[in-house]
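For reference, the structure is listed below as structure tokens.
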Amino acid sequence: MFTQQNLPACKPVLTPAAIIATFLLMSFIFIPIGLVTLRASNSVVEIVDRYDMDCVPEEYRNNKVAYIKDDLITKNCSRFLKVLKPMKAPIYIYYQLDNYYQNHRRYVKSRSDLQLLHGLGYNDTSSCKPLESSHNLPVVPCGLIAWSLFNDTYKFSRGPSELKVNRKNIAWKSDRDHKFGKHVYPFNFQNGTLIGGGKLDPSIPLGDQEDLIVWMRTAALPSFRKLYGRIEEDLDVDDVIVVHLQNNYNTYSFGGKKKLVLSTSSWLGGKNDFLGVANLFVGAFCIFISIVFLLLHMKNPRTDLMGTWPTYLGIGKTLLADKGHGMVHWWLYFS
């Protein structure tokens with residue numbers, strides 16, 4: 001029978017020594033990688049400042065929603081950030097939102113990718129309901145994602161001089177070139193009775209509105225950061241950075257948080273200890289398993305059949321099939 005053919009194949013012998021050596025080798029690989037990546041993450045310098053609570057006037061602390069919805073109240077606020085470690089340019093500016101579920105199904109679907117690319121030439125915007133039109137005119141860009149555009153603004157100064165913020169190339173090049181039209185302009189946007197977030201300059205095409213492009217790449221987790229710009233000057237220890245911001249965005253209605261983040265980067269990217277800790281955990285676990293196997297092997301050593309009976313001439317195998325009971329028995333005999 002073809003199924004009884006003994007074809008050439010690799011048949012590794014999993015001896016205790018081989019298994020222990022394999023786990024030790026894995027630990028020698030994962031632990032150095034974990035140490036290197038953790039060191040790269042720790043080399044990143046971050047300044048994180050939560051401002052959504054402190055930027056509310058004292059008389060509105062008990063009713064923050066009324067404060068943020070009242071257009072007659074100024075939303076200007078100043079924050080002071082002290083640099084504790086040297087920060088080498090470029091220094092990335094992020095805004096961080098917590099308890100904000102951009103991954104909600106109805107929120108993610110509330111957009112029209114073809115409209116973003118072709119503008120008013122594409123009429124099927126049913127996925128944007130109920131924000132596909134306003135005053136019987138189409139809205140470009142339509143949908144809840146664009147409508148809820150983040151609109152807090154930041155300006156930075158160090159001493160008497162202003163720190164310039166480069167806000168170019170903050171979005172992915174593939175998004176700018178292939179997902180947002182260079183000849184598509186905002187139309188009838190934020191003209192309804194209910195204003196969601198930021199407004200767009202109708203004279204700038206969507207392909208150049210990088211704030212919008214960054215915002216519309218929705219986050220997978222309820223706590224996320226999005227790039228606002230870059231400071232292309234080094235910051236020294238004990239520098240005091242004055243942040244002049246406008247606290248416009250409403251996170252008080254759903255208990256969200258707003259934070260401003262200044263961060264450097266390493267060859268691995270931003271600050272993230274997860275990769276290093278995960279590699280260290282796997283390496284330590286491999287060492288633990290190898291020690292357990294070693295102790296078990298020392299307590300109950302494996303007996304080698306050929307080493308125990310070296311005088312036997314060979315080993316054969318006889319297959320006896322008991323069809324009546326549906327069982328297969330293997331017998332070893334020595335000749």
Side-chain angles (χ1 to χ4, degrees), residues 71 75-76 90-97 100 102 107-125 127-128 130-156 162-219 224-232 243-251 258 260-261:
D71 295 333
K75 303 300 190 300
N76 295 330
I91 300 168
Y92 296 92
I93 305 169
Y94 300 93
Y95 56 88
Q96 177 176 327
L97 297 177
Y100 195 117
Q102 271 198 322
Y107 186 89
V108 173
K109 291 182 63 178
S110 185
R111 62 186 292 165
S112 174
D113 292 327
L114 291 176
Q115 189 208 56
L116 294 174
L117 190 60
H118 302 293
L120 293 173
Y122 183 76
N123 296 322
D124 185 8
T125 57
S127 60
C128 294
L131 297 171
E132 80 281 9
S133 63
S134 177
H135 303 296
N136 296 323
L137 293 174
V139 174
V140 179
C142 68
L144 184 60
I145 305 177
W147 177 81
S148 60
L149 174 65
F150 187 80
N151 61 340
D152 283 6
T153 60
Y154 312 101
K155 292 183 179 180
F156 302 86
E162 180 181 353
L163 290 174
K164 294 183 179 180
V165 178
N166 183 2
R167 307 205 60 203
K168 297 293 185 182
N169 300 323
I170 61 174
W172 291 15
K173 188 176 185 300
S174 58
D175 289 353
R176 299 196 307 266
D177 295 344
H178 304 293
K179 293 186 177 182
F180 293 80
K182 292 292 185 181
H183 303 286
V184 178
Y185 293 85
F187 177 77
N188 198 30
F189 184 72
Q190 297 286 23
N191 286 335
T193 57
L194 186 62
I195 304 300
K199 297 187 177 182
L200 300 175
D201 190 339
S203 64
I204 300 177
L206 296 184
D208 294 333
Q209 306 253 15
E210 295 199 47
D211 278 340
L212 175 69
I213 299 174
V214 170
W215 178 255
M216 295 201 68
R217 178 164 284 278
T218 53
F224 57 87
R225 295 177 179 180
K226 291 184 181 291
L227 186 61
Y228 181 84
R230 294 182 298 273
I231 297 175
E232 297 179 342
V243 185
H244 305 281
L245 62 89
Q246 283 194 328
N247 183 27
N248 298 317
Y249 200 70
N250 182 11
T251 57
K258 292 189 291 187
L260 174 65
V261 181

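Residues: numbered from 1 along the sequence shown.
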Notebook entry, point to check: Any salt bridge between K182 and D208, counting N to O under 4.0 Å?
Noted result: yes
Next item on the list: Please determine if D113 and R111 form a salt bridge, counting it only when a charged side-chain N lies under 4.0 Å from a carboxylate O.
Entry: yes
In Å, rounded to the nearest 0.5 Å, how long is the span from [atom1] of [X] to [atom2] of [Y]?
X: L149; Y: L144; atom1: CG; atom2: CG; answer: 11.5 Å
X: W147; Y: S134; atom1: CH2; atom2: OG; answer: 12.0 Å
X: L206; Y: Q115; atom1: CG; atom2: CD; answer: 8.0 Å
X: L200; Y: F189; atom1: CG; atom2: CZ; answer: 4.5 Å
X: N247; Y: T153; atom1: CG; atom2: OG1; answer: 10.0 Å
X: D177; Y: W172; atom1: CG; atom2: CH2; answer: 13.5 Å

Checklist line | side-chain hydrogen bond (donor to acceptor under 3.5 Å, both in side chains) partners for R225, two or more places apart | finding: E46, Q96
Could you tell me if the side chain of [Y] sits less than 4.5 Å from the side chain of [X], heavy atoms only?
X: V184; Y: L117; answer: no
X: N188; Y: S133; answer: no
X: L227; Y: I93; answer: no
X: D124; Y: L114; answer: no
X: Q209; Y: P186; answer: yes
X: L120; Y: V140; answer: yes
X: Y185; Y: P205; answer: yes
X: V139; Y: E132; answer: no

Margin query: Is there a side-chain contact (heavy atoms from CB on, under 4.5 Å) between M216 and Q102? Walk through the geometry before answering.
Written below: CA-CA 9 Å; M216 295 201 68; Q102 271 198 322; over 6 Å; no
Next item on the list: Go through the steps to decide whether D152 and K75 satisfy the test salt bridge (charged side-chain N to carboxylate O under 4.0 Å, His left out), and finish with yes or no.
Entry: CA-CA 10 Å; D152 283 6; K75 303 300 190 300; over 6 Å; no
When you measure from the side chain of [X] to the backbone N and O of [Y], does any donor-acceptor pair fall under 3.5 Å?
X: K258; Y: Y249; value: yes
X: E210; Y: K168; value: no
X: E162; Y: F156; value: no
X: N248; Y: N151; value: yes
X: W215; Y: I145; value: yes

Next item on the list: Evaluate the criterion side-chain contact (heavy atoms from CB on, under 4.5 Å) for residue pair K179 and L116; output intermediate values, then yes/no.
Entry: CA-CA 7 Å; K179 293 186 177 182; L116 294 174; over 6 Å; no
Next item on the list: Grab the two heavy atoms, one from C142 and one from S112, that are nearest each other, plus how far apart they are.
Entry: SG-CB, 3.8 Å
Note to self: Please find the pair of heavy atoms, one from S110 and one from C128, that lie closest to each other, and give the distance.
What the structure shows: OG-O, 3.9 Å
Check: Take atom CG in D71; do more than 12 heavy atoms of anything else shown fall under 6.0 Å from it?
Finding: no
Next item on the list: Take atom NZ of K164 as the centre, draw a 6.0 Å sphere, and report whether it contains more than 12 heavy atoms from other residues, nucleotides or ligands.
Entry: no
Notebook entry, point to check: Does any donor atom in the side chain of Q246 or N76 lie under 3.5 Å from an acceptor atom in the other side chain?
Noted result: yes
Notebook entry, point to check: Without hydrogens or angle criteria, can the side chains of S148 and Y107 be said to hold a donor-acceptor pair below 3.5 Å?
Noted result: yes
Next item on the list: Return the set of residues passing side chain to side chain contact (heavy atoms under 4.5 Å, CB included) with H244 (not counting sequence neighbours), or none when no residue passes.
Entry: S78, K155, S157, V242
Note to self: So that I know where these two stand, are Y94 and Y228 an aromatic pair - ring centroids less than 6.0 Å apart?
What the structure shows: no
Next item on the list: Would you sort out whether L97 and T251 count as a side-chain contact (heavy atoms from CB on, under 4.5 Å), showing the intermediate values?
Entry: CA-CA 8 Å; L97 297 177; T251 57; 4.2 Å; yes
Checklist line | Derivation of the ring pair (Phe, Tyr, Trp, His ring centres under 6.0 Å) call for Y95 and F150 | finding: CA-CA 9 Å; Y95 56 88; F150 187 80; 4.0 Å; yes
Next item on the list: Return the orientation label for the Y100 and F224 ring planes: parallel under 30°, perpendicular over 60°, tilted otherwise.
Entry: perpendicular
Next item on the list: For the pair R230 and N169, evaluate side-chain contact (heavy atoms from CB on, under 4.5 Å) and give the outcome as yes or no after the intermediate values.
Entry: CA-CA 10 Å; R230 294 182 298 273; N169 300 323; 4.2 Å; yes
